[in-house]
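Scroll down for the structure; my scribbles are underneath it.
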Amino acid sequence: MIERPSWQAYFMQMAILASKRSTCLRRAVGAVLVRDNQVISTGYNGSPKHTRHCAETGCLRAQMNVPSGEKHELCRGVHAEQNAIIQAAINGSSTRGTTLYCTHQPCSICARLIINAEIRTVYIANGYPDALGEQLLSEAGVTMILYDIENNEETRIC
């Protein structure tokens, strides 16, 4: 009998693969937006289209000694979750009621976008030090689940 990955493992592996396209010097993040077990869009973090990558300009956050999880606006990059939502919009796909698979927990900026995009569930593989993001998702009724890809185990965060 063929051993097939669970849907969660399948989509999280896609998010991990998307993260390999990242141009961020600090943290490679990938995201996959899914409806009814079908991929709607993908995203990874990096500089906006037609702009120089951080490998060319250097990391603004590192240059300014900005701690992880703080002052997200001090960055050239667009986050993976943001890019997945943007790509869905560009391609005319509604995000309402979708599930997002992401290699890392969304920051507070991405949490706000996820809420307003009406994404209902977020699976993450790694945490991120932004308590406000988690609080906003919880308050808005968005389910966030830590997914352990090695053991195929889920832990509900909110």
Side-chain angles (χ1 to χ4, degrees), residues 1-46 54 59 61 66-73 75 77-158:
M1 184 161 158
I2 297 172
E3 188 172 324
R4 299 170 68 196
S6 67
W7 286 113
Q8 289 77 15
Y10 178 69
F11 293 124
M12 193 59 77
Q13 286 288 355
M14 286 185 180
I16 291 167
L17 181 60
S19 77
K20 296 182 186 314
R21 293 278 308 154
S22 171
T23 60
C24 180
L25 300 174
R26 290 181 96 176
R27 184 185 322 265
V29 180
V32 178
L33 198 53
V34 175
R35 177 185 298 107
D36 298 327
N37 293 330
Q38 297 293 313
V39 174
I40 301 299
S41 65
T42 64
Y44 54 88
N45 59 330
C54 296
C59 176
R61 293 172 60 80
V66 176
S68 185
E70 296 179 15
K71 300 182 181 177
H72 302 290
E73 71 280 3
C75 179
V78 179
H79 290 187
E81 305 93 319
Q82 296 167 0
N83 274 323
I85 292 167
I86 291 165
Q87 288 305 309
I90 287 171
N91 293 316
S93 297
S94 173
T95 57
R96 180 178 288 141
T98 56
T99 298
L100 181 71
Y101 291 83
C102 194
T103 58
H104 293 77
Q105 179 177 324
C107 71
S108 58
I109 294 171
C110 289
R112 291 184 289 238
L113 292 171
I114 288 165
I115 292 162
N116 280 2
E118 299 186 20
I119 295 168
R120 300 309 317 148
T121 305
V122 177
Y123 281 89
I124 62 169
N126 299 286
Y128 185 73
D130 188 334
L132 179 58
E134 184 177 329
Q135 177 188 343
L136 290 168
L137 292 172
S138 178
E139 185 178 332
V142 176
T143 301
M144 186 164 55
I145 299 168
L146 178 64
Y147 180 70
D148 178 350
I149 200 162
E150 297 295 323
N151 298 307
N152 198 33
E153 294 177 354
E154 300 179 12
T155 305
R156 186 176 175 141
I157 296 172
C158 63

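Hydrogens, waters and symmetry mates are skipped; everything else that's a heavy atom, side chains included, is used.
Under a 3.5 Å cut-off, the side chain of Asn45 and the backbone N or O of Cys24 do not form any donor-acceptor pair. At least one donor-acceptor pair closer than 3.5 Å links the side chain of Arg61 to the backbone N or O of Glu70. Formation of a donor-acceptor pair under 3.5 Å by the Gln82 side chain with backbone atoms of His79 is found in this model.
Taking both residues in full, the closest heavy atoms of Ser19 and Ala28 are given as O-CB, 3.5 Å, listed atom of the first, atom of the second, then distance. For the residue pair Ala9 and Asn152, the shortest heavy atom distance occurs at CB-OD1, 4.5 Å. Nearest heavy atom pair, residue Gly43 against residue Ala18, reads O-CB, 3.8 Å. Smallest separation of non-hydrogen atoms from Ile119 and Val142: O-CG2, 3.6 Å. Closest of all the heavy-atom pairs between Phe11 and Val32 is O-CG2, 4.0 Å. Residue Arg35 comes nearest to Thr95 through the heavy atom pair NH2-N, 4.0 Å, listed as atom of the first residue, atom of the second, then distance.
By the 6.0 Å contact criterion, CD on Glu3 is open, its count of non-hydrogen atoms from other residues, nucleotides or ligands being 12 or less. Within a 6.0 Å sphere centred on CG of Asp36, other residues, nucleotides and ligands contribute 12 heavy atoms or fewer.
For residues 87-96, the salt bridge (Lys or Arg N to Asp or Glu O under 4.0 Å) pairs, not counting sequence neighbours, are Arg96-Glu118.
Put simply, OG1 on Thr98 and CD1 on Ile85 are 8.0 Å apart, with the number rounded to the nearest 0.5 Å. The line from CE of Met144 to CG of Leu136 is 10.5 Å long, rounded to the nearest 0.5 Å. In this structure, Leu33 CG and Ser41 OG are separated by 4.5 Å, a value rounded to the nearest 0.5 Å. Here the CG-CD1 distance, from Leu146 to Ile157, works out to 5.0 Å after rounding to the nearest 0.5 Å. Taking SG of Cys59 as the reference point, atom CZ of Arg26 lies at 5.0 Å (rounded to 0.5 Å).
Take Ser68 and apply the side-chain hydrogen bond (donor to acceptor under 3.5 Å, both in side chains) test, not counting sequence neighbours, and it matches Arg27. Under the rule for a side-chain contact (heavy atoms from CB on, under 4.5 Å), the partners of Cys54 that lie at least two apart in sequence or sit in another chain are Leu25, Ser47, Thr57, Arg76. Considering only residues two or more places apart in sequence or on other chains, Tyr123 meets the side-chain contact (heavy atoms from CB on, under 4.5 Å) condition with Gln8, Met12, Thr99, Tyr101, Thr121, Ile145, Tyr147, Glu154. Partners of Asn151 by side-chain hydrogen bond (donor to acceptor under 3.5 Å, both in side chains), not counting sequence neighbours, listed by chain and number: Asp148.
Contact check for Ile86 versus Val78: side-chain heavy atoms found under the 4.5 Å cut-off. Within the 4.5 Å cutoff, side-chain heavy atoms of Gln13 are placed close to those of Ile149.
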Which atom pairs, donor and acceptor, lie under 3.5 Å between side-chain atoms of residues 103-115 and protein residues at least two apart or in another chain?
from	atom 1	to	atom 2	distance (Å)
Thr103	OG1	Gly30	N	3.1
Ser108	OG	Asp130	OD2	3.3

Query raised in the report: side chain to side chain contact (heavy atoms under 4.5 Å, CB included) between Thr42 and Met14: does it pass, once the steps are laid out?
Result: CA-CA 9 Å; Thr42 64; Met14 286 185 180; 5.9 Å; no
